[in-house]
Amino acid sequence: MASMVVQLLGFFLGLLGFAGTVVATLLPHWRSTAYMGSNITTATVYMKGLWMECVWHSTGIYQCELYRSLLALPRDLQAARALMVLSCVTSVLASLLSVLGMKCTRFARDSLIKSPLLLSGGICFLCAGLLCLITVSWTTNDVIMDFYDPFLPSGLRYEIGLAVYLGYASACLSLTGGLVLCWSSSGGRSQRPRHMQRNQPLSPPPAFNHIYPPAPPYKPPEALKDSHAPSLCSLSSSGYRLNNYV
């Protein structure tokens, strides 16, 4: 029962990490900057994401525009897209394998394939968390390097957006869920399935010698000892000689 609760805990942690990764991938708040005009009514916030650029005006107008050309994007943005999409796909695969490998599901119940499936799901969650963590760390480094670049105009300097922080939290959740699933699968592999425990004999089978005792040693019957013909030695010892009859 305790191992089942641990497996459910790891699965839900990984599922929360997967949901956060999807939201962080779709949000445009990866890089943000604010422009203040002569008064507060002319404030404008610019945001850049993996798929679109958005502008928010203090008057309440919110405009977004999708990137029209994939090849025209910077290479770091293309790599971030690929890594985040791969992280989401890996999380989907991890969820499927974890569902099949958990003890609370009916698939292959009391089978040895449960633990390898659960271990594969945990490893996939770990890979998904690492992919997301690499992407947000890479973006954070680029934003910081551009912000402190003295040759870059102040209008092109961005700050870290909320989607990056959400990516960090999602990566931590996915990594924690994967570690819990891997730990629970390693603990479950040491336990044998129930049907193998029921079929195991209670005591070793009796030895062959106890069922069929060895045969007694052969002894010739007493009647056969006196039935053989008398030899020459026996005749001479009884007083008869062979020369008397020749």
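Annotation for E159: atom CD does not count as buried by contact number, only 12 or fewer foreign heavy atoms lying within 6.0 Å. Within a 6.0 Å radius of CG in L96, other residues, nucleotides and ligands contribute more than 12 heavy atoms. Dense packing is recorded around OH of Y62, with more than 12 heavy atoms of other residues, nucleotides or ligands lying under 6.0 Å away.
In terms of modelled atom types and a separation under 3.5 Å, the side chain of Y67 and the main chain of G49 share a donor-acceptor contact. A donor-acceptor pair under 3.5 Å is formed between the side chain of W30 and the backbone N or O of A24. Here the side chain of S185 pairs a donor or acceptor atom with the backbone of C182 at under 3.5 angstrom.
Every residue meeting the side chain to side chain donor-acceptor pair (under 3.5 Å) condition with K114, not counting sequence neighbours, appears here in chain and number order: T105. C172 pairs by the disulfide (SG to SG under 2.5 Å) definition with nothing, not counting sequence neighbours.
The shortest distance between side-chain heavy atoms of S87 and F18 does not fall below 4.5 Å.
Remark: T139 OG1 to R31 CZ distance equals 6.5 Å, nearest 0.5 Å.
Considering L130, L133, L50, L131 in turn, L131 is the only one that fulfils the side chain to side chain contact (heavy atoms under 4.5 Å, CB included) rule with L83. With respect to L13, the side chain to side chain contact (heavy atoms under 4.5 Å, CB included) criterion is satisfied by exactly one of T176, L181, L175: T176.
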